[in-house]
Amino acid sequence: QLSSETEALTSFRVGASDLERAVTILDRLSKSSVDNEDSMMNVEGVESITVDYLKRYLEETRRQLCAAYCSIAELYLTDLCDEPDAETSCEDALKSALVLDEISSDVYSNAVSTGIGE
């Protein structure tokens, strides 16, 4: 174990926050690129980016964010289970993950552990 449970939670939350911003930016970029007639987009420092590339990168970033939410939920199921808000925080993290990836096995296995959906 590299850090205490509270340090781990802080790290996951910071990472999730960064990924949330990345998802928002990528989502906007991919939508604005689709609205343009040109399927290529010029970005400073990069020759061009295709809409397909943006969409693939957006999906990968969403999967990473989903994994971060699942890790937060797992912390509340294990190391932080005695915290007063552990159950609610765990459920919130899993619901956020489910919004991002409706078919993730990680989300559903954690949801079964918590009893969400019963």
Side-chain angles (χ1 to χ4, degrees):
Q1 188 168 359
L2 298 176
S3 60
S4 73
E5 51 276 345
T6 54
E7 290 172 336
L9 179 61
T10 299
S11 295
F12 280 119
R13 285 187 172 159
V14 167
S17 178
D18 290 345
L19 287 166
E20 287 168 355
R21 281 192 297 279
V23 165
T24 299
I25 292 167
L26 289 167
D27 191 43
R28 286 181 188 159
L29 284 173
S30 66
K31 286 179 181 173
S32 68
S33 296
V34 169
D35 292 342
N36 294 332
E37 290 181 20
D38 193 0
S39 66
M40 302 290 270
M41 185 173 142
N42 291 325
V43 177
E44 186 177 328
V46 178
E47 282 185 29
S48 61
I49 297 175
T50 64
V51 174
D52 287 339
Y53 177 82
L54 282 172
K55 288 182 179 180
R56 283 194 308 268
Y57 196 63
L58 173 61
E59 289 307 311
E60 177 58 29
T61 305
R62 284 184 181 183
R63 278 191 288 279
Q64 292 173 354
L65 180 54
C66 180
Y69 285 137
C70 287
S71 295
I72 290 169
E74 288 174 14
L75 276 173
Y76 281 112
L77 285 171
T78 56
D79 298 334
L80 298 173
C81 64
D82 293 329
E83 294 293 312
D85 64 341
E87 185 176 351
T88 303
S89 296
C90 179
E91 288 176 5
D92 290 346
L94 289 175
K95 288 175 184 174
S96 294
L98 190 58
V99 167
L100 292 165
D101 191 348
E102 296 175 349
I103 60 170
S104 170
S105 60
D106 288 340
V107 177
Y108 285 105
S109 67
N110 282 319
V112 167
S113 297
T114 63
I116 292 175
E118 292 183 351

Going by side chain to side chain contact (heavy atoms under 4.5 Å, CB included), name the residues that satisfy it together with Asp82, two or more places apart in sequence or in a different chain. none
d(Thr61 OG1, Leu26 CG) to nearest 0.5 Å is 5.0 Å
Residue set satisfying salt bridge (Lys or Arg N to Asp or Glu O under 4.0 Å) with Arg21, at least two apart, ordered chain then number -> Asp18
Check Cys90 against Leu77 and note the closest heavy-atom contact, atom names and distance. SG-CG, 3.8 Å
How close do Ala68 and Ala16 get, heavy atom to heavy atom, and via which atoms? CB-CB, 4.2 Å
Separation of Tyr76 OH from Asp92 CG (nearest 0.5 Å): 9.5 Å
Side chain to side chain donor-acceptor pair (under 3.5 Å) partners for Ser89, two or more places apart: Asp85
Could you work out, with side chain to side chain donor-acceptor pair (under 3.5 Å) as the rule, every residue matching Thr10, not counting sequence neighbours? none
Hits for salt bridge (Lys or Arg N to Asp or Glu O under 4.0 Å) against Arg63, two or more places apart or cross-chain, chain-then-number order -> Glu60
Find the distance between CD (Glu83) and OG1 (Thr88) and round it off to the nearest 0.5 Å. 12.5 Å
Side chain to side chain contact (heavy atoms under 4.5 Å, CB included) partners for Ala67, two or more places apart: none
Note: Glu5 and Leu75 closest approach over all heavy atoms is O-CD1, 4.3 Å
Heavy-atom side-chain contact between Tyr69 and Leu98 under 4.5 Å: no
When clusters are formed by joining ILVMFWY residues with side-chain heavy atoms under 4.5 Å apart, either directly or through shared neighbours, do Ile25 and Val23 land in the same one? yes
Side-chain donor/acceptor of Ser17 to backbone N/O of Arg13, under 3.5 Å: no
Taking only residues two or more places apart in sequence, or in another chain, which ones meet Asp27 in a side chain to side chain contact (heavy atoms under 4.5 Å, CB included)? Ser30, Lys31, Leu58, Arg62
Is there a path of hydrophobic side-chain contacts, each under 4.5 Å between heavy atoms of I, L, V, M, F, W or Y residues, that connects Leu19 with Val14? no
Report the residues that fulfil side chain to side chain contact (heavy atoms under 4.5 Å, CB included) with Val99, sequence neighbours left out, ordered by chain and then residue number. none
